[in-house]
Amino acid sequence: MNSQTRTWFPYVSPYDPCPPIRVKAYVVPPQLFIAFQPPDLPQYSPAEALRAGVLWPSLYSPYNPRQDVVGREGSHGT
């Protein structure tokens, strides 16, 4: 459970007219694994917290906007 990104392989129909997406990915938010806020949880400095978008490093989840492109056979240029 080191990575917050999970993948799954949807069913690909032989009759689907569109290019199939063989692998889909999603992000599991880190707060799902923390039942309650423990005392003395480490915090980012104010400047780091503004850059990360969260005060606590254990709740940080990176954003990758190109993640949904993973696993597609065709591309927009061809």
**Student:** Honestly curious: do Ile34 and Val54 fall in one hydrophobic cluster under the side-chain, below-4.5 Å linking rule?
**Tutor:** yes
**Student:** Side chains of residues 38-48: which donor-acceptor pairs under 3.5 Å do they make with residues two or more places apart or in other chains?
**Tutor:**
unit_1 : atom_1 : unit_2 : atom_2 : d
Ser45  : OG     : Glu48  : N      : 3.3
Ser45  : OG     : Glu48  : OE1    : 3.3
Glu48  : OE1    : Ser45  : N      : 3.2

**Student:** Please name all residues satisfying side chain to side chain contact (heavy atoms under 4.5 Å, CB included) with Pro29, sequence neighbours left out, ordered by chain then number.
**Tutor:** Gln31, Leu32
**Student:** Quick one: CZ on Arg51 to OH on Tyr60, what's the gap to the nearest 0.5 Å?
**Tutor:** 11.0 Å
**Student:** Show the nearest heavy-atom pair for residues Ala25 and Thr7, with the distance to one decimal.
**Tutor:** CB-CG2, 4.1 Å
**Student:** Could you pull out every donor-acceptor pair under 3.5 Å between side chains of residues 8-21 and any protein atom, sequence neighbours left out?
**Tutor:**
unit_1 : atom_1 : unit_2 : atom_2 : d
Ser13  : OG     : Tyr15  : N      : 3.1
Asp16  : OD1    : Cys18  : N      : 3.4

